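Not measured: the values here are computed from a predicted model. A note on names: the letters A, B, ... follow the listed sequences, proteins ahead of strands, and every chain is numbered from 1.
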Amino acid sequence: MPAAVESDQASHRNLLDWLCRASVRPGPRAGVRAGALVRSVRMDRYDPHEIERRWQAVWERERTWEVPNPGQPGFDDSKPKCYVLEMLPYPSGEPHVGHLKNYSLGDAIAHFRRRNGYQVVHPMGYDAFGLPAENNAIDTGQHPRDAVEASIAAYREQFRAWGVSIDWSRELATHAPEYYRWTQWIFLRLFERGLAYRAEAPVQWCPVDQTVLANEQVIDGHCERCGSLVEARDLEQWFFRITEYADRLLADFDLLESWPEHVVTMQRNWIGRSEGAEVTFRCEELGIDFPVFTTRPDTLFGATFFVLAPEHPEVRRLAAGTEHEDAVRAYVDESIRESAEERASEERAKTGVPLGRTVTNPVNGEQIEMFVADYVLMEYGTGAVMAVPAHDQRDFEFATAFGLPVRRVVAPRRSGGPAAPGRDAEEAAGNGDPLGEAFLGHSDDEVLVNSDEYDGIGSVEAKRAIVADLERRGLGHPAVNYRLRDWLLSRQRYWGCPIPVVYCETDGIVTVPDDQLPVELPDVEDYAPKGRSPLAAVEDWVNTTCPECGGPARRETDTMDTFVDSSWYFLRYLDPDNERLPFEREIADYWMPVDQYIGGVEHAILHLMYARFFVKAFADMGMLGVQEPFASLFTQGMITMGGAKMSSSKGNTVSAIETVERYGADTARTYVCFLGPPERGGDWVPEGVEGVHRFLVRLWRLQCEVVERTEPRADESGLPEQGPARELLAKANWAIDKVTRDIEHGFALHTAIAAVMELVNDAYRLKDSLYGTPQGESALCFATATAASLIFPFAPHLGCEAYEAITGGRVWEQPWPEADPALLERDTFTLVVQVNGRRRDQIEAAAGTPDAELLELARASENVRRHLDGKEVVKEIVVPGKLVNLVVR
RNA sequence: GCCGGAGUGGAGGAAUCGGCAGACUCGCGGCGCUCAAAACGCCGUGCCCUUCGGGGCGUGUGGGUUCGAAUCCCACCUCCGGCACCA
């Protein structure tokens, strides 16, 4: 072996090494490879389907993508683990281009990590319970299980046709009794710890889907799924106590490796933590205490009235016997009838009715008037507020409408020191101190005014002092409030996981013992919901015996929200056949957390927050050693067509299946990765698909030509010093470096693919000058094999085929290539010469040329001289390896 | 209203430690191959002017910092996403 090659080859890993050692390319290949059988008939025609089927058969036969768990035969403990996961699909109809993108991105990462030395687990499953299949059953009578399983078959077939590298031995579906048995088991463990409970609460009811919804599933007062207006109802329902984890859900954002900032922000907003105090206002006449939550206890002296939500349980009692009784009743009835949407509408004037009662302001003993008004929400805080009109926009509007007093109690410290005590708002306004300025300026440099002994104290300090004083008198204490509500999990629908609970006449709520799980979902005659679950009609299922006393009992007929099913599926993949537990802790601890999770941003709050909650609860129960399920999250953008969201009603859909049938999976996969930055959406352009297809065909033909026209022979000449062979080798190494960095840094798959395109373009441009010499042919073989190797994560079948044709090796068994630093360094560079910052010339210069020489080169340029003529050079800027800028006057 | 993100050719997009604006792909134009077309290959393609040497303008708008700004700062406009009577 030539010495020149020997010194450089190590960094080429086995590819260039192999090319140099054995021959330019192998003669007859050893053994029967998948591609070798048909080489004779292949010719120049790129037949993606034939190639794709063939490699898929190899992977399937050899179970290439299956990875054993620790302790199982074949487990390789020398490699670090890597869990690559895409959000599991909801099997409805057929997979679409959104799925294609999701799984193409994930598969590229999985392949990339594998070839970088990781033991990658990359499983797949189906989120099979849920309304679409059930609604379909109502329309057609087809059992949801049959519909869902037909879809699963279609999805599975597509994923195979796309050549996604899935470990099929771990496949699961959430509607299978073997799976939901453990969903029920988890429910029971949460129940035992008080994290699942049943309670009556005001809930949101979707009249079309005929079920209650979780808060997260209501958007602007509408059902997230079907869009209909939700109604408020008081019902007894099952909840998960996610609010208990609110602080940890916030704090543990710190444990995440790489999540999009906006997803974290969305969850933060959703949890909506606010610090303040709970303060008690007492109605002396009736002897009722009204606690309120406030973030501004420092403004207590400005509380000039008091407002209850129309739903507040004490409203009717307060008004009873007063002159306002009828008006209050009418107002409350009207408010409750109105939808949340109407109540929240923006430009609506504040309305309300006096209650004819007063409460005592605990800081100064003032009697302030009570009102009922619909701008106060029962769902937040205590359903009552102290109104501080001087410093709250909403209270101010109400006060204006009802002619109530406005008293300013904080003022900016800067405006000439503390304001004179006793000055009221009208005065302040009259003194050119507009009230508008008084609205909650959150500057820390405010001081209290009109607040007795607290006057002059800074607002931050005053908060502490006032709350401490109230606490001493038993009238308040510091408090934290959350926007987050407990997760309402029961649904009055059929196609979901049964809740493993019975109601016994003597024992009340009794859980089904573990050894009787799963509580199987029975078949029903009629799927239509009638305000309660269709399961309620299955008499011989509902009527059962109490596991405690053996007496008669009725089963819970509600089923679980499907988000329960998907909150732990990523753990079941790791131990899918376990019949003792949902998953073995040791196995889960080995693989968890998910290193890279990929899915749509639409799950930013719901699924991702629920799954985080489950994992924390599991950790608390000793089932798991991690606090967070997903170390890194990538949210892909939606594919549009003509700038609009694809929908069958608009007729602008693209079928993933048809695209794959027409161009092959490699083209479809590469196209969705090439469309643009994957985190952004991308517009599907049919000509763009053609363009990517053309590129793959070019690579294919290049490979055919190289195999045909290069001679298998030993190359003893070492790395070329210059000329086209050197240029192409340099380009190939540049591409290795670029693709590697782009995939590693922020998922820039589109620019990675562009780099391979550049390599192929250069190979085309240079190939005719490379044939005939050992160095040239060696470089061409290396470049082509490198292109195949680099495109493999995106177009795995073509990557395999082309790589094998040139090297005889299987590309997925090769380590990811490493760029040779010697070939990355350019020996010349283009020196840009500017005069006054404008480009006047460019000159080829040797790398490492000293600054002084660069300046001379620059001044020697004819065009530069023209611009220097008659002027004085006042400054010379040299950026080594880049440019020279001459500043003249 | 508040919090994020983004505005670059005919289109998608590249360039983000401040240093050649427009990589790559599409589209368009030219040439080659062909009886011809498609396919394929090569070349060109921001706008304007040009004596063909080159020159001017150009990254949403207006200012600023700098030898030099798509990139940094200030003000504003537009679009997208999230939250929103949350006390």
Separation of B:rU25 C1' from A:R698 CZ (nearest whole Å): 12 Å
A:N761 vs B:rA23: side-chain N/O to OP1/OP2 distance below 4.0 Å: no
Could you check how far NZ of A:K350 sits from P of B:rC85, rounded to whole Å? 10 Å
Quick one: does NZ or CZ of A:K350 land under 6.0 Å from the six-membered ring centre of A:F398, within 45 degrees of the ring axis? no
Heavy atoms under 4.0 Å is the rule here; annotate nucleotides 47-56 of chain B 5' to 3' with B where the base is hit, S where only the sugar-phosphate is, and - elsewhere. ------SSSS
Taking the nucleotide of RNA chain B with the nearest heavy atom to each, does A:N885 or A:A754 sit closer to the 5' end? A:A754
In whole angstroms, the gap separating C1' of B:rC42 from CZ of A:R765 amounts to 12 Å
Apply the syn/anti split at 90° from 0 to B:rG18 and say which one it is. anti
Cationic N near anionic O, under 4.0 Å, A:R694 to A:E687: no
Salt bridge or not for A:R296 and A:D298, using N-O below 4.0 Å? yes
Got a sec: does the CD of A:E862 have more than 12 other heavy atoms crowding it under 6.0 Å? no
Is a donor-acceptor pair below 3.5 Å formed from side chain A:K882 to base B:rC20, judging by atom type as modelled? no
Between B:rC26, B:rG13, B:rC83, which nucleotide gets closest to the side-chain atoms of A:R680? B:rG13
Check if the side chain of A:E261 and the base of B:rG5 share a donor-acceptor pair of N or O atoms closer than 3.5 Å. no
Can you tell me, in whole Å, how much space there is between the C1' of B:rC28 and that of B:rC79? 28 Å
Of A:W734 and A:H262, whose nearest nucleotide on RNA chain B comes first from the 5' end? A:H262
Please work out whether B:rG53 sits syn or anti, treating a glycosidic angle within 90° of 0 as syn. syn
Using atom CG of A:L699 as one end and atom P of B:rU25 as the other, report the distance to the nearest whole Å. 13 Å
From CG of A:L883 across to C1' of B:rC67 the rounded distance in Å is 10 Å
Is any NZ, NE, NH1 or NH2 atom of the basic residue among A:R765 and A:E727 found under 4.0 Å from an Asp or Glu carboxylate oxygen of the other? yes
Tell me the interatomic distance from A:I753, atom CD1, to B:rA14, atom P, rounded to whole angstroms. 13 Å
What's the CZ-C1' distance between A:R741 and B:rA14, to the nearest Å? 14 Å
Closest to side chain of A:Y764, choosing from B:rC85, B:rC42, B:rC26: B:rC42
Is the terminal nitrogen or CZ of A:R483 (NZ for Lys, CZ for Arg) located under 6.0 angstrom from the six-membered ring centre of A:Y380 and within 45° of that ring's axis? no
Decide yes or no on ring-ring contact (aromatic ring centres under 6.0 Å, His included) for A:H750 and A:F674, but give the supporting numbers first. CA-CA 4 Å; A:H750 60 313; A:F674 184 67; 7.8 Å; no
For nucleotides B:rC40 and B:rA36, find the distance between their C1' atoms and express it as a whole number of Å. 16 Å
Select one nucleotide: of B:rG82, B:rC86, B:rG19, the one nearest the side-chain heavy atoms of A:M266. B:rG82
For A:H391 together with A:F396, are the ring centres under 6.0 Å from each other? no
Between A:F281 and A:F290, does the ring centroid distance fall short of 6.0 Å? no
Here the helical stems involving RNA chain B, each at least 3 consecutive Watson-Crick or G-U pairs closer than 3.5 Å, sorted by first residue number, are B:1-7 with B:77-83, B:10-12 with B:24-26, B:27-32 with B:40-45, B:46-49 with B:54-57, B:60-64 with B:72-76
Under 4.0 Å between a side-chain N or O of A:R701 and OP1 or OP2 of B:rA39? no
Less than 6.0 angstrom from the centroid, inside 45 degrees of the normal: does A:R709 satisfy that with respect to the ring of A:Y771? yes
Starting the side chain at C-beta, find the nucleotide from B:rC24, B:rC83, B:rC85 nearest to A:M757. B:rC24
